[in-house]
Amino acid sequence: MMEIQIWVFVLSLIGLLLAGGVAGFFLARWWFKKELEKNPPINEKMIRAMFASMGRKPSEKQVREVMRSINSNK
């Protein structure tokens, strides 16, 4: 049988864990960006619906102000 030294096994294990962590990070980042492009967190249509649910008809200026406020707080 082939015997492997302990330190080679430990270094291989650490290397594989690091490579998997890095690959997982970039895969998760790519997936998250893709999901945000498909489903943006908030848009003007949602702001208008929010105002309508409060019983108000927002002006275009109000919608733009809310969007600017949201985008400046990112």
**OP:** Please check if the side chain of Ser69 supplies one atom and the backbone of Glu65 the other of a donor-acceptor pair under 3.5 Å.
**Re:** no

Can you give the donor-acceptor pairs under 3.5 Å from side chains of residues 46-54 to other protein atoms, not counting sequence neighbours?
unit_1	atom_1	unit_2	atom_2	d
Arg48	NH2	Glu60	OE1	2.6
Arg48	NH2	Glu60	OE2	3.3
Ser53	OG	Met50	O	2.7

**OP:** Would you check if Arg68 and Asn71 make a side-chain contact, meaning some heavy-atom pair closer than 4.5 Å?
**Re:** no

Kindly list each side-chain donor-acceptor pair under 3.5 angstrom involving residues 21-28, sequence neighbours excluded, with atom names and distances?
none

Original post:
By side-chain contact (heavy atoms from CB on, under 4.5 Å), which residues pair with Val10, not counting sequence neighbours?
Top reply: Ile6, Ile14

Original post:
Can you list every pair that meets side-chain hydrogen bond (donor to acceptor under 3.5 Å, both in side chains) and has a residue in residues 29-47, with sequence neighbours left out?
Top reply: Glu44-Arg64

